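Following: one structure in structure tokens, then a few remarks.
Order of the sequence lines sets the chain letters (A, B, ...), proteins ahead of strands, with each chain counted from 1. Nothing here was measured: the structure is a model prediction, and the numbers come from that model.
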There are 2 protein chains.
Amino acid sequence: MDRRIRKTRKAIFEAFIQLLSEKDFAGITVGEIIERADVGRTTFYAHFETKDFLLKELCEELFCHIFDAVSKEKPAHNHIFECDSSDAVFLHLLKHLHKNDNNILKLLSSTNNELISGYFKENLKQLVASQTELLELKKSEKIPDSFRINHIASVFVETVRWWVDNGMKEAPETIAEYFYLSV
Amino acid sequence: MDRRIRKTRKAIFEAFIQLLSEKDFAGITVGEIIERADVGRTTFYAHFETKDFLLKELCEELFCHIFDAVSKEKPAHNHIFECDSSDAVFLHLLKHLHKNDNNILKLLSSTNNELISGYFKENLKQLVASQTELLELKKSEKIPDSFRINHIASVFVETVRWWVDNGMKEAPETIAEYFYLSV
DNA sequence: ATATTAGCGAACACTGTGTTCGTTATCATA
DNA sequence: TATGATAACGAACACAGTGTTCGCTAATAT
């Protein structure tokens, strides 16, 4: 891939993340993005159809990255969906979020736009659906699977959001415990 | 209050609700609202500072209405916060939502803007905080109260959202059961 | 070395926002 | 029912943001 393309995409994403950590998605203009990214207006629209598509692509990149990273931290298995313990999967996810090597956390705060947590939740649902152990937990009841999956993913998102909003004082292990006690 | 004021407010709210049931908040323009409401542009801005304030006022009105209605359905108690059973409170809320006499449900769907569920959740948090019985349920654990309150309110919102998205086929009693089993 | 293509900036039409102003119609109330 | 107050009106406005076009320049892959 052309180096110029990589450079502009990176510049735009970084400017966008920076702006998202300062204000709502709705309040961010293309003008602000290209000013921070220091790229031309034409260039922006050559890369992204609209601001919404930029958000979509950013989320895809961020969540791909984090879910990939989590799966690679467990080298015994070649894919996250093959993890033997639900416990380990969600704790790993929390630990990875705790490191915050990408700026994902800033974006998950409740003051920020819900769109991002929406993307996060969609990714989580897939993960949850594969965690049969977790789903079995309250299987005895007559709750439908789709309800359980949505429920567990929502609770995880809300757990992380609470964590971030309260300054992330707790250790990932503590949050994982809260999550397992709640779900 | 001047009849003209009441009439325009009503017309604007109704047009706005109708539009919200069709498309995202972000995609709705003031021009569309005033066209449907059949009021002048000047009039709109005389009533509402911006589109965001309109949403805020609508939510306040809707949620005030529903929480009031729920409290009045239990005439033995003069205020919802004095209900003796958590069970009854949430079931009443679900029953009232099921009737859908105001168009609240359309707005809570996941396809619609998250802003509205946000307002709903804020109202619920107050209610949850007063449901000491419910909070005591898993009190033995070392989970902070603020976590529990946020958790329970979130689960309720997500429960309703799941219900709406799946066509509300279940009875309020069934949904209440799902909720109590999950929370 | 050169053909290709990304990026540039200026200009553009277009849509939506929020305001101003003078006029008309409706209201509360005396 | 007369009257002063005020809500609603439409037209016009400045302004900001969107997304596109065009001709030119500079970086890149081969």
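- Counting non-hydrogen atoms under 4.0 angstrom, B:T42 reaches a base of the nucleic acid.
- Annotation for B:K56: atom NZ does not count as buried by contact number, only 12 or fewer foreign heavy atoms lying within 6.0 Å.
- Atom CD of B:E32 and atom P of C:dT15 are 13 Å apart (whole Å).
- If you measure from atom CZ of A:R41 to atom C1' of D:dT18, you get 6 Å, rounded to the nearest angstrom.
- Closest heavy-atom contact between A:R161 and A:S109: NH1-O, 4.0 Å.
- Between the NZ atom of B:K10 and the P atom of D:dA8 there is a distance of 15 Å, rounded to whole Å.
- Counting to the nearest Å, the P atom of D:dA8 and the NZ atom of B:K7 are 10 Å from each other.
- Heavy-atom neighbours of B:E49 CD from other residues, nucleotides or ligands within 6.0 Å: at or below the threshold of 12.
- For B:T43 and D:dC9, the shortest distance from a side-chain N or O to OP1 or OP2 is below 4.0 Å.
- Remark: the A:R4 side chain and the D:dA27 base include a donor-acceptor N/O pair separated by less than 3.5 Å.
- Between the CZ atom of A:F44 and the C1' atom of C:dA6 there is a distance of 16 Å, given to the nearest Å.
- Straight-line distance from the CE atom of B:M1 to the C1' atom of C:dT26: 16 Å, rounded to whole Å.
- Between the CG atom of B:D52 and the C1' atom of C:dG18 there is a distance of 13 Å, rounded to whole Å.
- Note: A:F16 and A:F25 have perpendicular aromatic rings, judged against thresholds of 30 and 60 degrees for the angle between ring planes.
- Between B:I34 atom CD1 and D:dA11 atom P there is a gap of 12 Å when expressed in whole angstrom units.
- Listed pair A:Y45 / D:dG19 meets the phosphate criterion, a side-chain N or O lying under 4.0 Å from OP1 or OP2.
- Classification of the A:F90-A:F179 ring pair by plane angle, with boundaries at 30° and 60°, yields tilted.
- Residue A:H47 has a polar side-chain atom (N or O) positioned under 4.0 Å from OP1 or OP2 of C:dG7.
- Checking the phosphate oxygens (OP1, OP2) of D:dT28, a side-chain nitrogen or oxygen of A:R3 falls inside 4.0 Å.
- Each of B:R6 and B:K51 lies near DNA chain C, and the nucleotide nearest B:K51 is the one positioned closer to the 5' end.
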